[in-house]
Amino acid sequence: MVLSNEDELKQKIQDGYIVESREEMTEGYRKALIVQLTVQADTELMSAPAYWMAARHAPSTNTQVSAHAIIQDELAHANIAYRLLEDIGESKEQLVYGRQPHEFKHPYGFDQPLDNWADLVVANGFFDRAGITLLSDVYQNTSYGPLKRALVKVDMEETFHLRHGEVWMRRLAKAGGEAKEIVQCSVDWMFPMTIEWFGLPDDLKRHSGQLDYKLKGLSNDELRQVWMSSTVPLCEELGLNVPAHFDSETEEYVLDYPFPCEYDTADKRWVFEDGESTWDTVFKRWKGRGPMNEIYVESIQRSRRDVGGWLAEKRQAY
Amino acid sequence: MIERVYDVFARKHRGDQLAHIGYVDALDDEMARVYAWKTYDEENWFEMCVIRRSNIIPVNRQDGPFSGSKGEGE
Ligand SMILES: [Fe+2]
Ligand SMILES: [Fe+2]
């Protein structure tokens, strides 16, 4: 069945229609789904080199193996999302190997270096929690059948990543002394980084169609609240400071720092003292990409060239 | 070296329905088996199998990923 126009499809979707194939999509639907899946796929993909480089700092072989298990999961998640993109007409080959580093669509948080074990486990606690928050919302609301089914596996494994992060945050915080200090340092730069990840506040958000097509259910601000409602109590329980608190009058989490804010990549520090920034400035910073962008993308793309080159060499030597 | 699409089917327990759980791209059947087993390791599957997408013959639908020979040579 071919649908002729956008409004007709939007209406059917609002009435519970599930899209199963490319042929059933309007161009608007397909474009919106491509944007969503590209962000999802790129985020999964970039988490792999970020976690991999950080896993070198694992305190033991056992812990390094758990970190590597997480990385393997992330590559599988990326594969699943790129595969879904292929089914709606995009090329995985082109998306993974044919783009420049700055053309990837993952959040700015995955352009940052994870410099020690605490950075890695707080990334699991914060970034993977953000992933779960976003993807659970997609799972519950998406009108695209193949994506909903694929997310069952992803969600199961993200829950494991999150547990890994939270268990280790607890261990480090309970250990006290220097261990607690380094985990606090990670929290200091990663908490605002994840808050920013959820994007423009609702009152500034341009209408994107993602809600009309039911590609997601909650707004940016609602998702930010969901993330904080787990993260803030956890940090409070562990005695870690976060720049946000629960306001019992409005029954919402409130940020205790100027938002949006500028970030000093050299110092890995949010410049709270400069006050509130603008979203234009933030978008410019995102577009410029962060310090590890080229290194992470290169590490993914290189593997193919290296293996290809090695094989060619062997062939010639024969 | 052309990768093909393989669809992955599995059941968790004896008596469960065999269900489509995902897909992998692989150079040959043997690689597809390994990729599927390593990629979809979220459960302790009672049974898993892979099938070349191009070998799936649609019965009632002309649209969607299983229609035609789209799986071949992608
Ligand atoms: Fe993931
Ligand atoms: Fe994850």
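Proteins come first, then strands; the chains are lettered A, B, ... in the order of their sequence lines, and each starts at number 1.
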Counting only heavy atoms closer than 4.5 Å, note whether A:Q72 contacts chain B via side chain, backbone, both or neither. side chain
Do A:E74 and A:S47 make a side-chain contact, defined as non-hydrogen atoms from C-beta onward lying under 4.5 Å apart? yes
In terms of heavy-atom proximity below 4.5 Å to chain A, should B:Y40 be classed as side chain, backbone, both, or neither? both
Check whether B:F66 forms a cation-pi arrangement with B:R61 (NZ or CZ under 6.0 Å from the six-membered ring centre, at most 45° off the ring normal). no
For chain B, which of A:E93, A:K153, A:M156 has the most heavy-atom pairs under 4.5 Å? A:K153
Largest heavy-atom contact set with chain B, pairs under 4.5 Å, which of A:L84, A:L75, A:V152: A:L84
How about A:W117 and A:W168: are their ring centres within less than 6.0 Å of each other? yes
Take A:D137 and A:L223 through the test side-chain contact (heavy atoms from CB on, under 4.5 Å) and record every step on the way to the result. CA-CA 8 Å; A:D137 175 57; A:L223 290 162; 3.9 Å; yes
Top residue by heavy-atom pair count (under 4.5 Å) with chain B, among A:H77, A:R149, A:E20, A:K92? A:K92
So that I know where these two stand, are B:F46 and B:H13 an aromatic pair - ring centroids less than 6.0 Å apart? no
For chain A, which of B:V24, B:I21, B:D41 has the most heavy-atom pairs under 4.5 Å? B:D41
